[in-house]
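Worksheet: the structure to be examined is printed underneath.
Below, chains carry the letters A, B, ... as their sequence lines are ordered, and counting in each starts from 1.
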Number of protein chains: 4
Amino acid sequence: MVVRNKDEAKREEIIRATVKLVNETGFASSSVAKIAEEANVSPATIYIYFKNKEELLVSTYVEIKQVMGRSLLKDFDETRPLRDILRTFWFNGVEFISRNQDVFQYSEQFSNSPYASLVKAEEVDRYFEPLLKVLNRGKEQKIIKEVPFEVLSAFVFHPMIILSKMNAHDDFKMDQENIDRSFTLAWDAIKF
Amino acid sequence: MVVRNKDEAKREEIIRATVKLVNETGFASSSVAKIAEEANVSPATIYIYFKNKEELLVSTYVEIKQVMGRSLLKDFDETRPLRDILRTFWFNGVEFISRNQDVFQYSEQFSNSPYASLVKAEEVDRYFEPLLKVLNRGKEQKIIKEVPFEVLSAFVFHPMIILSKMNAHDDFKMDQENIDRSFTLAWDAIKF
Amino acid sequence: MVVRNKDEAKREEIIRATVKLVNETGFASSSVAKIAEEANVSPATIYIYFKNKEELLVSTYVEIKQVMGRSLLKDFDETRPLRDILRTFWFNGVEFISRNQDVFQYSEQFSNSPYASLVKAEEVDRYFEPLLKVLNRGKEQKIIKEVPFEVLSAFVFHPMIILSKMNAHDDFKMDQENIDRSFTLAWDAIKF
Amino acid sequence: MVVRNKDEAKREEIIRATVKLVNETGFASSSVAKIAEEANVSPATIYIYFKNKEELLVSTYVEIKQVMGRSLLKDFDETRPLRDILRTFWFNGVEFISRNQDVFQYSEQFSNSPYASLVKAEEVDRYFEPLLKVLNRGKEQKIIKEVPFEVLSAFVFHPMIILSKMNAHDDFKMDQENIDRSFTLAWDAIKF
DNA sequence: GATGAATGAGTGTTCATTCAT
DNA sequence: CATGAATGAACACTCATTCAT
């Protein structure tokens, strides 16, 4: 195992503590002092790794999005049929969210908070660029409908996210069958 | 003895101030003192109309959802074809959100905050019950796919919401054409 | 039964509420609003009967001391032997305190608070004047020791009070035997 | 402000300020903010040294009782005659109270407040254990009356306290003669 | 690099009191 | 006479952040 240097380990520990605390007690009540305690460091130490609380929260969000991007594009293979690519993406998404509920919930809270405006959309979207490319190709090849990317995204990204969220909250069971069923709807929505 | 002691107008003013402040400066930084100032009352006055901050925020949310429910079901007519009913709903939604961005943004922030768990889902969902009924009828008549309500909702409610949100943030323009285009995707997703 | 006029009844109700609340929740947390609620009147009403909170608390104290004075001097008969007079007083005291713990506790809290200095000692002491007279006569007749009144009081009033207080707190059982025993000590202390 | 380690002196200063303020303006009006000002620290600093106001008040009380216990048992010598031991105790008590009126008044206010119930009796009583032992021996040796400890205490502790209190309030002068006289009454009360 | 003590400014909430009705 | 709405000031307490060590 690669031993990361001491500093990086501590930084990660602070981020882990941030996610845990926000996930458990919410955004508003996650003070720097409590995050520090959860991370077993002094509050002052946090200010060595992050300029201020805002930067801590933003960095945490960006790192989550990075990890999430990598996970959702696992097994990405642009040579396969578009439907298969999207289906893999859909399954990856459901799996990631159900396996990383804390991290995911943090990102949802964050992106609905005023902090969200501090992160430029591109900084986060670029992780999904490969997907964007194949979608565009699909449009050109008349495999999927000729509509703006945002519309496609509203039927391929967000329904998966909302269903996974329900799954995490036990409001709905995303078993194999329901994942498949729901992907069928997504594909029917966008296919030419 | 019909003397209205407490002033309904003042209560509404406090709620208006709450929405405005949350909309402008975010959830976390909307303190009771600031809300009071925006509403031109003393902080103590707020506690005459609401037991505590939590109740203020929850009441505000519930009232918004009420209004929203009424607006989205405007011109609801269960005798019309299902596609028309849903299309009207889709247009109503986009219009409501673009006309009531502040109120809508409040509800989004609220439902992603830990306060959300204080509101029972049914208390909010019941405003949409008529829609639920026609969806069930559509399933029985094989007009739309036989999938759980949650899945339908993920393709009929949420894409509209997310697209309207983008519209509100000027990330995407929901003009007449795009509303129509996107509804087509929604209908293609769920139709049998 | 004599019907007191409405006003006086309300005044008594406010005082009753004050005693109850202070007895149950302490001095500091007994706000005017809570007293008003307990008395089933509006906070504003209290200010009709009492100039301010201070006057309410002081009046309550003085009235308690009045009642207490009357109770402790019940069956007072200056023609009986001094020892019998004091013994009756002692028994009356124990009985009053055990029967009126709330009222008594109020008076103890009050007299150890800074409010106490608002009540002139004489205003309270005068209820015990008959006792003072017989004590003085006892000194002249060489039945009890020739020491200042305050010293006598420290051995005849206060031990009874402190033992009754322990009784009320269940720290000590003031049964018939212990009342008698302890009075014997008091008498031995002061007798010539 | 150059000392950075947790400062015992600062803790003591906060306690001193607490006693002074309570002594001067009473229990109820001694807010954390005022105590902080008197101690020349920020209100927030108090919460570094004490978990909350309650703990500050209780700690202050317990420390006072410690000091008081030590002072009252000064020159305690169990080999001397019981009467002498108690007489020394009596004199020590009067002296301590007259020299430490502020501290003593604090303890009286505290023990008549609802905070009192937060301190277990034993935690405070144990400082007086040696005295308790010699009193028990006195009972066995038929030097003093065979009555419960509480009764003895009501005639040996409390009259001294009440007389000292009067002395502090200038209601009564506890000069050498009066101390001696009053002790005689105490001894007459308990002696066999 | 890491710390814990320190703090001014803020938090949500309650206070005693007033006043129009 | 009696009220409930209204409030500025205060409450206990926590905050994000700094700083000497």
Report the distance from atom CD1 of C:Ile35 to atom C1' of E:dT14, rounded to the nearest whole Å.
14 Å

In whole Å, what is the span from the CD atom of A:Glu37 to the P atom of E:dT3?
13 Å

Could you work out which one of F:dT7, F:dA2, E:dT7 sits closest to the side chain of D:Val41?
E:dT7

Between P on E:dA2 and CG on A:Asn40, what's the gap in Å once rounded to a whole number?
14 Å

From the set E:dT3, F:dA2, E:dA6, return the single nucleotide nearest to any side-chain atom of C:Asp7.
F:dA2

Per-nucleotide protein contact along nucleotides 10-17 of chain F, 5' to 3', at a 4.0 Å heavy-atom cut-off (B base, S sugar-phosphate only, - neither), is -SSBBBSB

Search all heavy atoms of B:Tyr106 against all heavy atoms of B:Val19 and return the closest pair with its distance.
CD1-CA, 4.2 Å

Sequence neighbours excluded, the answer for side chain to side chain donor-acceptor pair (under 3.5 Å) partners of B:Glu24 is none

d(CZ, D:Arg11; P, E:dA6) in whole Å
13 Å

Identify, with sequence neighbours excluded, every residue that meets side-chain contact (heavy atoms from CB on, under 4.5 Å) alongside C:Val62.
C:Val58, C:Gln66, C:Val119, C:Glu123, C:Tyr127

Rounded to the nearest Å, what distance is computed from the CD1 atom of residue C:Ile46 to the P atom of nucleotide F:dC1?
16 Å

For residues 35-43 of chain C, which side-chain donor-acceptor pairs fall under 3.5 Å, sequence neighbours excluded?
unit_1: C:Glu38; atom_1: OE2; unit_2: C:Arg16; atom_2: NH2; d: 3.4
unit_1: C:Glu38; atom_1: OE2; unit_2: C:Lys20; atom_2: NZ; d: 3.4
unit_1: C:Ser42; atom_1: OG; unit_2: C:Ala44; atom_2: N; d: 3.1

With sequence neighbours excluded, what pairs up with C:Tyr47 under the ring-ring contact (aromatic ring centres under 6.0 Å, His included) test?
none

Take atom CD of B:Glu55 and atom C1' of E:dG12, then tell me their distance rounded to the nearest Å.
14 Å

May I have the distance from B:Phe50 (atom CZ) to F:dA5 (atom C1'), rounded to whole angstrom?
15 Å

List in chain and number order the residues that pass side chain to side chain donor-acceptor pair (under 3.5 Å) with D:Ser29, two or more places apart in sequence or in another chain; answer none if no residue qualifies.
D:Thr25

Under 4.0 Å between a side-chain N or O of C:Thr45 and OP1 or OP2 of F:dT3?
yes

Look at A:Tyr49 and E:dG1 and indicate whether a side-chain polar atom (N or O) is within less than 4.0 Å of OP1 or OP2.
no

So do the side chains of C:Tyr61 and C:Ser111 get within less than 4.5 Å of each other, counting heavy atoms only?
yes

Between F:dT7, F:dT3, E:dA2, which nucleotide has the shortest distance from any of its atoms to the side chain of B:Ile48?
F:dT7

I'd like to check the salt bridge (Lys or Arg N to Asp or Glu O under 4.0 Å) partners of C:Glu108; sequence neighbours left out, ordered by chain and number.
C:Lys165

Nearest-Å distance for atom pair NZ/P, residues B:Lys10 and F:dG4
17 Å

How does DNA chain E read in dot-bracket, base by base from 5' to 3', with Watson-Crick or G-U pairs under 3.5 Å and | used when the partner is on another strand?
.||||||||||||||||||||

Residues in ring-ring contact (aromatic ring centres under 6.0 Å, His included) contact with D:Phe104, at least two apart in sequence or another chain
none

